[in-house]
Structure formats: C-alpha cells, structure tokens
Amino acid sequence: MTLQKLMEHSFSLYARRNRVFLPSLRDRIDYLNLAIGDLQDAIRKEFGRDVLGCAVARIVSRIFCVAEHFWNLPETSGAANPFVIATVRKYPRRCSYCGQSPCACSERHSESQLAQHADPEQLQWTLRQWCAHLDHLYGAMNRKRGLENMLNRLFREISELSSLAMKISRLQIRRDQIEDELALELADALAWTIAIACVLGIDLEDAFTDQYQEGCQICRCHPCECTHFHWEPMDWRTFNTSS
Ligand SMILES: [Zn+2]
Ligand SMILES: [Zn+2]
C-alpha cells in the first residue's frame, strides 16, 4: 500500500481517538517517544520477530498520529499529503547530502540539498518500496553503525520534534510557519524507523498491515472505539500477537 494510503487508513482509524486522548501536538510527540522506548526495550530483552514487528509498526502508527495533528485536512484529500511530500523531497533517489546512490557520506556531512520538487513517482511508492530504497541508500552504513546508534538517532529526531512543538507553544510561532520543518523532522523519524526495521529483517509494510489492517490493535474496531487509553510503557511479556 502506498505511504499515503497507509497514512489515510491510520487517520480514519485513529482520528477520533487522537482528538479525545491526544489533543495536543506535545501529547502526540510523547506518545511517539514512548513507542520508541518500547522498541528499545523489546530489542534489549531480545524478544522475537512478532514482538519486534509490532514494536516498529507502532512507531509508524504514532508518526502518522503526529502527522494527523496537522494534515488530516479535507482540502488536501486526493492531493499528496505534506508529510509524504516532505519524505520524497528529503529522500530522493540519491542521497540528499552527498548525491550518491548508495550514500557515500562521511560521518560529518554537509547540509542536505532538499529536492525542489517531489518526484511524482516517489509520491506513489508503497511503504515496501520506501524500505527497499532507503536500505539500498543507507543499509550498509546503518549495519556498520549498529542498532543502538540508530535508536539514538531516532530519539534525536523526537527531540527535534519536541523543540519545534515548544517553539509553537512558548514563542507563539504560528504552526504553519514551521510546518515544513515539522514535516521534514517527521520524515527523518520515519526514515530511521525504516532503517531499524530493515536491520532487524522486518517487512515493515507487512508488520503494519498485520497490526492495523483490520482495525485498532486494542479494541479491534475501525474507527477505534477505545474508552481507555494506555499511557504505560508496554510490558512485552504480556503482549499477545494473536489478540
Ligand atoms: Zn550520502
Ligand atoms: Zn481502539
């Protein structure tokens, strides 16, 4: 399924829940942060593929939850979502830093050159195509870096998102003034999540559809009708992948 379709599925599943339980941008960023902590925990405790697949799929779902705060807009229906556009501009066919494919960046790289226009074909890419693309560009380097480094990079992206959210609330910056920046940070968060899934050998699109295709992970309804919200970090020992 295309990235946009997966996201729209997620929007229709969780928009109501998000409004009720996660009304603010910062709630949603915290919620995303929790899912990354849960993945780190599952990796550290060496849980199996079912748990790891679920853990990475939850991160994608919560990236969409942040995106939903901004871009679940009726006037954009049918058009490419700003988050998808940002992902295409930040991750074109060649590395946006060194211009190579695969990437040949050194550890300290120069400023990225954002593509001026989003490649229309890439806008239609499935999540599986995105995984293959990013693994081709960055997979070898990521495997050298190791999972811990990649998790750190993903946490760092969340810090950057938090900083933008603080600017909106403290500096009274209008959110549309930094929407582009937010979309790009969110694209980076997705790229690191994909990178981690690839290194773990998980098919992220399958993992996501396994978890969310039929409805909410918890109440199994579409849209979600959960009346209770779980803020606690996940205890993977009690997690049942067939439930
Ligand atoms: Zn590069
Ligand atoms: Zn639910």
Side-chain angles (χ1 to χ4, degrees), residues 6-23 27-28 31-32 34-35 38 54-55 57-66 68-69 72 86-116 119 122 130-146 149-150 153-154 156-157 184 187-188 190-192 194-195 198-199 207-234 238-243:
L6 284 177
M7 192 177 54
E8 284 168 357
H9 175 76
S10 209
F11 286 2
S12 73
L13 190 54
Y14 286 127
R16 186 203 69 93
R17 179 210 66 181
N18 294 345
R19 275 199 310 281
V20 173
F21 295 109
L22 300 160
D27 289 338
R28 295 180 190 208
Y31 189 52
L32 169 56
L34 274 175
D38 288 340
C54 171
R58 286 163 93 232
I59 297 175
V60 175
S61 165
R62 294 180 189 193
I63 288 172
F64 291 158
C65 171
V66 178
E68 201 266 334
H69 192 263
N72 187 10
T87 306
V88 173
R89 290 181 65 214
K90 188 72 194 280
Y91 297 97
R93 289 166 196 269
R94 293 168 177 279
C95 171
S96 63
Y97 294 91
C98 65
Q100 309 279 315
S101 170
C103 163
C105 286
S106 56
E107 195 54 48
R108 291 177 171 277
H109 46 50
S110 49
E111 280 294 288
S112 72
Q113 297 292 320
L114 261 193
Q116 282 302 310
D119 177 337
Q122 280 187 280
W130 276 108
C131 293
H133 169 59
L134 291 172
D135 200 43
H136 172 72
L137 274 187
Y138 301 115
M141 198 174 288
N142 287 336
R143 285 174 181 80
K144 236 187 281 170
R145 281 196 176 108
N149 178 290
M150 296 160 69
R153 300 294 293 267
L154 181 53
R156 172 74 187 166
E157 296 306 333
L184 290 168
D188 286 340
L190 177 67
W192 282 112
I194 288 174
C198 290
V199 169
F208 187 90
T209 47
D210 283 354
Q211 291 301 318
Y212 301 103
Q213 181 87 306
E214 303 297 329
C216 166
Q217 233 179 0
I218 296 165
C219 68
R220 312 314 289 174
C221 299
H222 186 158
C224 163
E225 291 177 2
C226 284
T227 52
H228 178 71
F229 195 75
H230 302 269
W231 282 108
E232 300 79 19
M234 175 66 100
T238 62
F239 176 75
N240 179 359
T241 49
S242 62
S243 68

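Quick note: residue numbers are just sequence positions, from 1. Remember, it's a predicted structure, so these values are computed and weren't measured experimentally. Just so it is clear, the values below take in all heavy atoms, side chains as well, and ignore hydrogens, waters and symmetry mates. First listed ligand is number 1; within each ligand, the first listed atom is number 1.
Here the angle centred on the Zn ion (ligand 2), running from SG of Cys224 over to SG of Cys226, is 100°, rounded to 10°. Geometry about the Zn ion (ligand 1) gives an angle of 110° between SG of Cys95 and SG of Cys105, rounded in steps of 10 degrees. For the pair SG of Cys216 and SG of Cys219, the angle at the Zn ion (ligand 2) is about 110°; rounding is to 10 degrees.
Here the two rings, on Phe208 and Phe64, have centers that are under 6.0 Å apart.
Residues Asn142 and Cys198 are not in side-chain contact: their nearest non-hydrogen atoms beyond the backbone lie 4.5 Å or more apart. Trp130 is listed as a side-chain neighbour of Tyr91, based on a closest heavy-atom distance under 4.5 Å.
Distance check for Cys221 against the Zn ion (ligand 2): none of its N/O/S atoms falls below 2.8 Å.
For the pair Arg17 and Phe21, the NZ or CZ position fails the cation-pi test of under 6.0 Å to the six-membered ring centre and within 45 degrees of the ring normal.
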